[in-house]
Structure formats: C-alpha cells, structure tokens
Amino acid sequence: MVKSISVLGCTGSIGRQTIAVAEHIGMPVAALTANRKIDLLEEQARRLHPKFVAVYDEQAAKQFKIAVADTDIQVGSGIEGLIRAATMEETDCVVTAVSGAVGLKPTLAAIDGKKRIALANKETLVCAGDIVMARAAEKGAEIVPVDSEHSAIFQCLMGREKGELRKILLTGSGGPFRGKARAELEDVTPEQAVKHPNWSMGAKISVDSATMMNKGLEFVEAMHLFGVTPDDIQVVIHPQSVIHSMVELVDGTVIAQLGVPDMGLPIQLALTYPQRCPSMFSRLDFTTLQSLSFEAPDYEKTPCLKLAMDCARMGGTAPCVMSAANEVAVGLFLRHQLGYNRIYDAAASAVEKVGVVQNPDLETILAADAAARAYVLENFSK
C-alpha cells in the first residue's frame, strides 16, 4: 500500500472519487491539480491540507492563490505545476486523472521519480504507450491501471506468467445507443449521449462510451499495458457491466473479474495493491442478477471502435491523432457545435489528413496531437 498520493485532475469524476477513497482508507494527499474549477479545488484543498496545489490554467491559478492566501498551501501553475505535483518527495503514488495528452509529461516525470502510477489517463498510453512502458521498465516504476476493464485484466493476470495468456476479452456495455444504426443517431443531443445506462462518469468519457470510442481507446491501452498485439484482444459487448473483463489462458480456462459498476473499486485497488482493504461500496448480489449476456460488436454501427482498432494496427502516431481529434470533436459536440455522427467523421478525417509517423519520439507525438486538434477546429467547428 502506498503512503501518500498526488491526484492530477482532482476536480473531475475520477479525481473526486479518488479523494473519496483516500479519505475512506485514511490515505494522505500530498498534492492536487486541476484546470479551472477553483471553487471545488479550494474546498478540497482546505479539507485535505495538501502541501502543494497546481492549477493548469494560469489565470485560474492566480485566483486560486488569492483564495488560499490564508493557508500554507504552495500554489503552482501550468505544465510545470503538474510535473512538480507528480514528482514531490512526499508522494509515492500519482493518480493521473487529467484528460488528454497534457497528462503525458507529468506521468513520465513521475516514472522517472519511480512513483507508482495509478493510471486513469487513457491518452498517456494511447499516444505514447511504447515510450511510457519502456520508461517504466527502465526506471522500475509500477503502473497500476484504474480503468475498470484494465484493472479487471490486471487482477485476472495476478500471479500468472505471460506465456499463460492466450487472449484478453475486453468487455463493454455498448453504451446508451447499443444496437442503433448510425442513421438513427443523426439528431442525438449531448444530454442523451451522456446518459450511460450503468456508469456515472464525466461528460467526455460518457460521450466516448456512447460512440464506443472509449472501448477503442481501451483496446490500444490494453496492448501497451499487457504487452500484447491487436490480435490478442477481443472486444465483447456485455450490456450488464457486471463482468469488467476476462482473460483466456492457453489451456482454455477463462478467468473473469466481476463487481458492481463503480469506479471506486479499481481506484481503491490501485492505491492499496497488493493489499485489499474493506471498501465503502455496495456488493454484487447474484440473487438479483436475472442474466448476463454477451454479443459481438457491430462495427458498422460503431465506426469509432473500428477506427481505433485500425489505428492500433497502424501504430506510430495514428492512435495519438485519432485520440486528439476525437477529444476536440467531443468538446464541440458537447457545446452543440458539431453533430453526434460527425465525431467519427472528424477523427477519421484527421487520421487521413494529418498523416502517420512511425517510431515517433515524444516531441513528434506532441506535435501530432497539436496538429490533429488544429485540423478538427479548422475543418469541423461551426
């Protein structure tokens, strides 16, 4: 179990749940970071008494510094602030719950400091999985996944040799529009898209779950986390979200991890691993489960999932370009500036037009991310 944590992205859905878990198990919080929600950030900071708080937005950081002037909290800003929060001597685990490629540099800095990474930022591995995993292996830093699916796979593989694994079975609910043809979704509103049937999540990830881009990002992430190829991963639609993922071993045995659909459970495991502690979450009651069902994904109805899987096979900067373009497109959709079906169009067009660079270094990856964002804003915003 770690002794103290830094929470990058503390005001988002995962960040708030991380703080709730930390308070439940009595784990100190050494540092917090947020982007702009300084009212919530101030409330968290006064309650948790971290040594350091970073606000990514420079103007918001100035406002926050004034708000907590009566405390001894040190305040930073920008990417330098995030890196400091990720590398503080007082913390031995960094929860990366920021959204987008902004999490990449702080994560690498934390790895260099041999911190445990409780990874909730998909883009870190989607954009630069080869670099991040190689750096973690070089430095001896642990990466423990927070995503429910990757946590499930992580748990199913505990104590097993890599040669025992035949296939990862990556489950997904199918989201609120499961089974609907693309033509039926032309007029979907943001309010409809964020209503996930099983999970309570932030707006961006809820839209990604609706388009199934989220499952595509998880597909890429799983490749890097577990050192497998695209052919070693099978996506399975499981509407009930009770089985969070499975692994098939070489002898045909299938091991699954089950639980209630609550992100607090994988968050707590990432903080306490290899130990387990009593949690505050509800338990799975099998007597109330009427059925568990499974089906193959329909790629014509979920083109974002197919695009992500294709980008995984392309490699290089393709997943980064796709992810960045999707992030901007989802933001436009949430602001009613882009139609729901155009999210896929924007991501697919960016991959085609921005181009793919193989074996990229970090600067090439960040440049590809920026180019994809600029392309979508120039060509798809109303």
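One-based numbering along the sequence shown. The model shown is predicted, which means the values in this text are computed figures rather than measured ones.
- Side-chain contact between Asp310 and Val351 is absent, with no heavy atoms from C-beta onward closer than 4.5 Å.
- Side-chain atoms of Ser381 and Gln337 form no donor-acceptor pair, as typed in the model, at a separation below 3.5 Å.
- Counting heavy atoms from C-beta outward, Ser279 and Leu265 have side chains that approach closer than 4.5 Å.
- Note on Leu170 and Leu119: same hydrophobic cluster, where clusters join Ile, Leu, Val, Met, Phe, Trp and Tyr whose side-chain heavy atoms are under 4.5 Å apart, directly or indirectly.
- Listed by first and then second residue, the salt bridge (charged side-chain N to carboxylate O under 4.0 Å, His left out) pairs that reach into residues 231-242 are Asp231-Arg313, sequence neighbours excluded.
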> Given Asp369 and Leu104, is the side-chain contact (heavy atoms from CB on, under 4.5 Å) satisfied, shown in steps?
Replying inline: CA-CA 11 Å; Asp369 179 273; Leu104 184 52; over 6 Å; no
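- Heavy-atom neighbours of Glu300 CD from other residues, nucleotides or ligands within 6.0 Å: at or below the threshold of 12.
- No hydrogens or angles considered: a donor-acceptor pair under 3.5 Å links the side chains of Asn121 and Glu123.
- By the salt bridge (Lys or Arg N to Asp or Glu O under 4.0 Å) test, Lys215 is found to be paired with Glu149, Glu218, residues two or more places apart in sequence or in another chain being considered.
- A donor-acceptor pair under 3.5 Å is formed between the side chain of Gln240 and the backbone N or O of Ser293.
- Between the side chain of Thr33 and the main chain of Val55, no donor-acceptor pair closer than 3.5 Å is present.
- Partners of Lys105 by salt bridge (Lys or Arg N to Asp or Glu O under 4.0 Å), not counting sequence neighbours: none found.
- Within the structure, salt bridge (charged side-chain N to carboxylate O under 4.0 Å, His left out) contacts touching residues 245-257 (residues at least two apart or in different chains) are Arg166-Glu248.
- Looking only at side-chain heavy atoms (C-beta outward), Asn35 and Thr11 stay at 4.5 Å or farther from each other.
- Counting only heavy atoms from C-beta outward, the side chains of Ser209 and Ser173 never approach each other to under 4.5 Å.
- The backbone N or O of Lys301 lies less than 3.5 Å from no partner atom in the side chain of Arg182, so there is not a single donor-acceptor pair.
- Side-chain atoms of His244 never come within 3.5 Å of backbone atoms of Ser151 as a donor-acceptor pair (strictly under, hydrogens ignored).
- Under the 4.0 Å criterion applied to side-chain N and carboxylate O atoms, Lys3 and Asp92 are not assigned as salt-bridge partners.
- Applying the salt bridge (Lys or Arg N to Asp or Glu O under 4.0 Å) rule to Asp112 yields the partners Arg135; only residues at least two apart in sequence or on another chain are considered.
- Judged as a salt bridge (charged side-chain N to carboxylate O under 4.0 Å, His left out), not a single pair has a partner in residues 267-284 (not counting sequence neighbours).
- A side-chain donor-acceptor contact under 3.5 Å links Arg116 to the backbone of Ala270.
- Cluster annotation: Ile237 and Val247 are assigned to the same hydrophobic cluster (Ile/Leu/Val/Met/Phe/Trp/Tyr, side-chain heavy-atom contacts under 4.5 Å, transitive).
- Note on Tyr56 and Ile38: separate hydrophobic clusters, where clusters join Ile, Leu, Val, Met, Phe, Trp and Tyr whose side-chain heavy atoms are under 4.5 Å apart, directly or indirectly.
- How far CG of Leu249 is from CD of Glu161: 12.0 Å, rounded to the nearest 0.5 Å.
- In this pair, Phe154 and Tyr273 present their aromatic rings perpendicular. The plane angle is above 60°, beyond the 30 to 60° band.
- Side chains of Leu41 and Cys10 form a contact here, defined as non-hydrogen atoms less than 4.5 Å apart.
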> Yes or no on side-chain contact (heavy atoms from CB on, under 4.5 Å) for Gln59 and Lys62, after CA distance, side-chain angles and deciding distance?
Replying inline: CA-CA 5 Å; Gln59 190 59 42; Lys62 294 176 182 177; 4.2 Å; yes
>> Please determine whether side-chain contact (heavy atoms from CB on, under 4.5 Å) holds for the pair Gln268 and Cys277, giving the CA-CA distance in whole Å, both sets of side-chain angles, and the decisive distance to 0.1 Å.
In response: CA-CA 8 Å; Gln268 178 166 307; Cys277 299; 3.8 Å; yes
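- Counting only residues at least two apart or in different chains, salt bridge (charged side-chain N to carboxylate O under 4.0 Å, His left out) contacts with residues 353-363 are absent.
- Not a single donor-acceptor pair under 3.5 Å links the side chain of Gln275 to the backbone N or O of Thr272.
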> Which is it for Gln155 and Leu269 under the side-chain contact (heavy atoms from CB on, under 4.5 Å) test, yes or no, and what are the steps along the way?
Replying inline: CA-CA 10 Å; Gln155 293 177 67; Leu269 179 64; 3.4 Å; yes
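- Legend: residues meeting ring-ring contact (aromatic ring centres under 6.0 Å, His included) with Tyr299, ordered by chain and number and at least two apart, are absent.
- A donor-acceptor pair under 3.5 Å is formed between the side chain of Ser6 and the backbone N or O of Ala85.
- Atom OG of Ser241 sits about 11.5 Å away from atom CG of Leu258, to the nearest 0.5 Å.
- A 6.0 Å sphere centred on CD of Gln358 holds more than 12 heavy atoms belonging to other residues, nucleotides or ligands.
- Residues passing the side chain to side chain donor-acceptor pair (under 3.5 Å) test with Gln44, sequence neighbours excluded: none.
- Formation of a donor-acceptor pair under 3.5 Å by the Glu138 side chain with backbone atoms of Ala134 is not found in this model.
- A donor-acceptor distance shorter than 3.5 angstrom exists from the side chain of Lys115 to the backbone of Thr91, with no hydrogens or angles considered.
- Inter-residue side-chain proximity for Phe226 and His150 is flagged as met; some heavy-atom pair is nearer than 4.5 Å.
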Donor-acceptor pairs under 3.5 Å, side chain of residues 185-192 to any protein atom, not counting sequence neighbours: which ones?
{"residue": "Glu186", "atom": "OE1", "partner": "Asn341", "partner atom": "ND2", "Å": "3.0"}
{"residue": "Thr189", "atom": "OG1", "partner": "Glu191", "partner atom": "OE1", "Å": "3.4"}
{"residue": "Thr189", "atom": "OG1", "partner": "Gln192", "partner atom": "N", "Å": "3.2"}
{"residue": "Thr189", "atom": "OG1", "partner": "Gln192", "partner atom": "OE1", "Å": "3.4"}
{"residue": "Gln192", "atom": "OE1", "partner": "Thr189", "partner atom": "N", "Å": "2.9"}

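- Looking at heavy atoms from C-beta onward, Arg160 lies out of side-chain contact with Leu165 at the 4.5 angstrom threshold.
- In this structure, CD1 in Ile343 is found 12.5 Å from CG in Leu307, a value given to the nearest 0.5 Å.
- Closest approach of Phe380 and Ser349 over heavy atoms only: CZ-CB, 3.8 Å.
- A donor-acceptor pair under 3.5 Å is formed between the side chain of Thr171 and the backbone N or O of Ile243.
- By the rule that hydrophobic residues join a cluster once side-chain heavy atoms approach within less than 4.5 Å of another member, Val7 and Val75 end up as members of one cluster.
- If you chain together hydrophobic residues whose side chains sit under 4.5 Å apart, Met88 and Leu8 never meet in one group.
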Please tabulate, for the side chains in residues 21-29, all donor-acceptor contacts under 3.5 angstrom to protein atoms that are two or more places apart in sequence or on a different chain.
{"residue": "Glu23", "atom": "OE1", "partner": "Arg47", "partner atom": "NH2", "Å": "3.3"}
{"residue": "Glu23", "atom": "OE2", "partner": "Arg47", "partner atom": "NE", "Å": "2.7"}
{"residue": "His24", "atom": "NE2", "partner": "Pro278", "partner atom": "O", "Å": "3.2"}

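- Interatomic distance, CD1 of Ile73 versus CZ of Phe64, reported as 5.5 Å (0.5 Å rounding).
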For residues 317-331, dump all side-chain donor-acceptor pairs below 3.5 Å to protein atoms at least two apart in sequence or in another chain.
{"residue": "Thr317", "atom": "OG1", "partner": "Val357", "partner atom": "N", "Å": "2.8"}
{"residue": "Asn326", "atom": "ND2", "partner": "Asp208", "partner atom": "OD1", "Å": "3.0"}
{"residue": "Glu327", "atom": "OE1", "partner": "Arg373", "partner atom": "NH2", "Å": "2.9"}

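- Within the 4.5 Å cutoff, side-chain heavy atoms of Cys93 are placed close to those of Leu271.
- Relative ring orientation between Phe177 and Tyr340 is described as perpendicular, the plane-to-plane angle rising above 60° on a 0-90° scale split at 30° and 60°.
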